[in-house]
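Side chains included, hydrogens not; waters and symmetry mates left out as well; all remaining heavy atoms used. Everything numeric in this text was worked out from a predicted model, so none of it was measured. Position 1 is the first residue of the sequence, and the numbers go up from there.
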Amino acid sequence: MPPEPMTSHAFSAIVRYDDQCGRPLRALEGPQEQPITLTLNDTAMVTLLATPEALEPLALGHAFTAGWIARAAEVEAVHLSRLRHGLAVRLSVSPRVEERAAGLRRADASVSSCGACGVAEEAQLMQGLTRLPSRAPLAPEALLKGIERLQRHARPGLHTALGLAENGEVLARGVDIGRHNALDRIIGDGLTRQAMPAAVLLSSRCSMELVQKTVRAGITTLATLSLPSSLAVEIARACDLNLICCHRGRRLERLSGPASADDTVT
């Protein structure tokens, strides 16, 4: 859900980033998120980004709502296995059920436009990711200016994304019930203008698909108000994305970014 309104009185004490780029992934406090690939027998049907808990009901529920199965009894067994980045849940079904579901193996529509839900293979989830140019993040003062603008533009029940210039001025604004849609609006504006912003600031937590979209757009800094998942940090580090957690304006943590980032943020 969209975050609670912020207050600006805490901003005045912030003069630099609390650099946590070297912090081990296992020590991060963010929510857990992993790619979960669902298969019918040996056919990969979809990869979801989900909390890696209670995967059997997740798999059965998705299989039912997607129309792969008509009842739980059509699943003869459920097997879990590890993939390189996530987990696989294999639903053993009869050849008749597998054949019936084959026509539904597609990229399902996602109401949040997350760019990950509906991907059949885990490898597709990482497609398009690349190492970004080595650039320092926005100066803390510029990012704080953006946070103040974010508060000003906030709308109850909706997420807001801001495309920021190097000095923190707002170049584009995206508002949507889904944080992924809000980010898509900023990227769409950049495509129209043929110039992406220096940074994106989002009124949400950071999940892996937000990192994926930002990297694909070639934007080198992504800042979110709340904690990122450990997978989001892992992918951001691999791509040299400056990933900033703003802790709702209380402090700024740079969780990933190129080693050559300017010393003023450390």
Side-chain angles (χ1 to χ4, degrees), residues 2-3 5-21 131-155 158-176 179 181-206 210-211 213-228 232-233 236-237 239-266:
M6 299 176 297
T7 56
S8 59
H9 62 82
F11 298 160
S12 58
I14 300 175
V15 295
R16 63 177 185 173
Y17 292 112
D18 179 9
D19 197 333
Q20 297 290 319
C21 290
R131 189 173 296 277
L132 293 168
S134 181
R135 290 181 184 160
L138 269 62
E141 296 83 0
L143 185 53
L144 290 175
K145 183 188 296 185
I147 294 174
E148 291 176 338
R149 299 295 191 278
L150 190 69
Q151 181 181 11
R152 186 181 306 171
H153 290 298
R155 291 169 54 184
L158 296 175
H159 281 295
T160 300
L162 298 181
L164 303 178
E166 289 283 355
N167 62 1
E169 291 298 323
V170 177
L171 300 175
R173 179 167 64 104
V175 179
D176 200 279
R179 62 189 185 275
N181 291 339
L183 176 55
D184 278 343
R185 294 173 192 272
I186 298 299
I187 294 172
D189 177 83
L191 292 171
T192 300
R193 294 187 300 107
Q194 298 185 341
M196 292 293 170
V200 171
L201 173 62
L202 274 162
S203 63
S204 68
R205 66 178 180 85
C206 181
L210 296 181
V211 169
K213 286 176 179 285
T214 304
V215 171
R216 285 182 173 179
I219 300 169
T220 55
T221 294
L222 172 62
T224 61
L225 289 190
S226 192
L227 289 168
V233 178
R237 289 177 177 178
C239 296
D240 273 353
L241 173 69
N242 292 302
L243 181 60
I244 312 298
C245 178
C246 300
H247 291 278
R248 301 189 188 280
R250 293 189 295 270
R251 60 192 175 97
L252 303 179
E253 274 189 335
R254 187 170 68 97
L255 293 167
S256 73
S260 58
D262 193 278
D263 290 338
T264 60
V265 302
T266 60

Nearest heavy-atom pair of [X] and [Y]: which atoms, and what distance?
{"X": "T214", "Y": "T221", "result": "CG2-O, 4.5 Å"}
{"X": "A223", "Y": "C246", "result": "CB-SG, 4.0 Å"}
{"X": "T160", "Y": "R155", "result": "OG1-N, 4.4 Å"}
{"X": "L138", "Y": "Y17", "result": "O-OH, 2.7 Å"}
{"X": "A182", "Y": "G174", "result": "CB-O, 3.7 Å"}
{"X": "V215", "Y": "C239", "result": "CG2-CB, 3.9 Å"}

Heavy-atom side-chain proximity of L162 to S203 below 4.5 angstrom: no
Note, L143 side chain near I244 side chain (heavy atom, < 4.5 Å):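 Yes, close enough: below the 4.5 Å cut-off.
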Working for side-chain contact (heavy atoms from CB on, under 4.5 Å), residues V211 and C206: CA-CA 8 Å; V211 169; C206 181; 3.7 Å; yes
Trace of the side-chain contact (heavy atoms from CB on, under 4.5 Å) decision for R149 with R173: CA-CA 10 Å; R149 299 295 191 278; R173 179 167 64 104; over 6 Å; no
side-chain contact (heavy atoms from CB on, under 4.5 Å) evaluation trace for V233 with L243: CA-CA 7 Å; V233 178; L243 181 60; 4.0 Å; yes
Any donor-acceptor pair under 3.5 Å from [X] side chain to [Y] backbone:
{"X": "K213", "Y": "L183", "value": "no"}
{"X": "R179", "Y": "L158", "value": "no"}
{"X": "N242", "Y": "T220", "value": "yes"}
{"X": "S256", "Y": "L241", "value": "yes"}
{"X": "R254", "Y": "D18", "value": "no"}

Nearest-0.5 Å distance that lies between atom [atom1] in [X] and atom [atom2] in [Y]:
{"X": "T224", "Y": "R248", "atom1": "OG1", "atom2": "CZ", "answer": "10.0 Å"}
{"X": "I219", "Y": "I187", "atom1": "CD1", "atom2": "CD1", "answer": "5.0 Å"}
{"X": "H159", "Y": "N181", "atom1": "NE2", "atom2": "CG", "answer": "10.0 Å"}
{"X": "L225", "Y": "I147", "atom1": "CG", "atom2": "CD1", "answer": "6.5 Å"}
{"X": "R237", "Y": "R131", "atom1": "CZ", "atom2": "CZ", "answer": "13.0 Å"}

Test: D189 and R185 ion pair at under 4.0 Å: no
Verdict with supporting geometry, N167 and E141, side-chain contact (heavy atoms from CB on, under 4.5 Å): CA-CA 8 Å; N167 62 1; E141 296 83 0; over 6 Å; no
